[in-house]
Amino acid sequence: GAVVSQHPSRVICKSGTSVKIECRSLDFQATTMFWYRQFPKQSLMLMATSNEGSKATYEQGVEKDKFLINHASLTLSTLTVTSAHPEDSSFYICSARDRADEQFFGPGTRLTVL
Amino acid sequence: DAKTTQPPSMDCAEGRAANLPCNHSTISGNEYVYWYRQIHSQGPQYIIHGLKNNETNEMASLIITEDRKSSTLILPHATLRDTAVYYCIVRVGGGNAGNMLTFGGGTRLMVKP
């Protein structure tokens with residue numbers, strides 16, 4: 001099946017700093033990528049939908065100025081958590097949709113903000 | 001997308017079949033049933049999906065009732081590595097439907113030796 005990678009797999013940062021997470025579709029082109037967040041023992045919650053070459057669509061309650069999404073190419077989307085705080089600590093997962101409308105998930109990035 | 005209802009947890013003995021139920025009584029005619037699973041601290045993994053016919057692949061079988069209001073995912077010979085949270089999701093599929101996957105609570109399957 002199609003492969004989606006994320007980098008880094010885990011990151012620890014100080015409060016107030018910004019962190020960038022990359023999501024890449026390795027063997028297919030993805031016009032749409034999705035970003036999810038998952039807190040411990042909870043399900044995945046969709047944060048935003050990222051379309052190549054256009055602005056991301058954010059779910060209700062997700063601050064677009066805090067979670068910056070860039071989808072500059074058909075194989076790369078980035079999520080930047082700006083001015084991170086401890087409450088932003090979470091497991092961030094991306095998925096990419098191929099031309100057959102199937103979604104493939106990345107392995108996730110665990111963010112810990114001290 | 002229609003909502004789904006799954007039991008929060010299930011146990012299964014290693015080597016036995018695991019049957020995971022899902023209710024989706026408000027499913028629409030153009031909505032597919034998808035199953036994903038998530039092993040601890042990993043991203044979700046696609047298992048199988050179907051519209052109305054039963055489906056089988058190398059991982060599992062999907063049995064959808066004739067009225068499409070419920071389905072069952074069958075892992076024929078569960079192993080310890082199948083311990084995971086299993087998510088049943090319904091969504092419009094195919095083409096440029098543009099629908100994201102909405103995750104519910106899922107079923108936490110524990111395969112025991």
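Predicted, not measured: the structure shown is a model, and the values here were computed from it.
Hydrophobic clustering (side-chain heavy atoms under 4.5 Å, transitive across Ile, Leu, Val, Met, Phe, Trp, Tyr) groups B:I48 together with B:V90. B:I64 is connected to B:I27 through a chain of hydrophobic side-chain contacts under 4.5 Å among Ile, Leu, Val, Met, Phe, Trp and Tyr, so both are in one cluster. Hydrophobic clustering keeps A:F39 apart from A:L114 (ILVMFWY residues linked when any side-chain heavy atoms are closer than 4.5 Å, directly or through intermediates). A:W35 and B:Y46 fall into different hydrophobic clusters, where Ile, Leu, Val, Met, Phe, Trp and Tyr are joined by side-chain heavy atoms under 4.5 Å apart, directly or via other members. Cluster annotation: B:I74 and B:W35 are assigned to distinct hydrophobic clusters (Ile/Leu/Val/Met/Phe/Trp/Tyr, side-chain heavy-atom contacts under 4.5 Å, transitive).
B:H40 does not touch chain A: none of its heavy atoms, backbone or side chain, sits under 4.5 Å away. For B:Q38, the part sitting under 4.5 Å from any heavy atom of chain A is the side chain, from C-beta outward, and nothing else. Heavy atoms closer than 4.5 Å to chain B are found in both the backbone and the side chain of A:L44. Only the side chain of A:T49 has a heavy atom closer than 4.5 Å to any heavy atom of chain B. Looking at A:Q38, only its side chain comes within 4.5 Å of chain B, counting heavy atoms on both sides.
The ring of B:F103 has its center closer than 6.0 angstrom to the ring center of A:F105.
Shown here for A:D101 and B:V92, the closest heavy-atom pair between the two residues is OD2-O, 4.3 Å. Residue B:G43 comes nearest to A:I93 through the heavy atom pair CA-CG2, 4.4 Å, listed as atom of the first residue, atom of the second, then distance.
B:Y34 has its side chain out of reach of A:Q103: every pair of non-hydrogen atoms, C-beta onward, lies at least 4.5 Å apart. Put simply, the side chain of A:S43 reaches to within 4.5 Å of the side chain of B:Y87, judged on heavy atoms.
At a heavy-atom cut-off of under 4.5 Å, chain B is reached by no residue from residues 64-79 of chain A.
Surrounding CE of A:M45 are at most 12 heavy atoms belonging to other residues, nucleotides or ligands under 6.0 Å away. A 6.0 Å sphere centred on CZ of B:R108 holds no more than 12 heavy atoms belonging to other residues, nucleotides or ligands.
The CG atom of B:L101 sits 9.5 Å away from the CZ atom of A:R97 when rounded to the nearest 0.5 Å.
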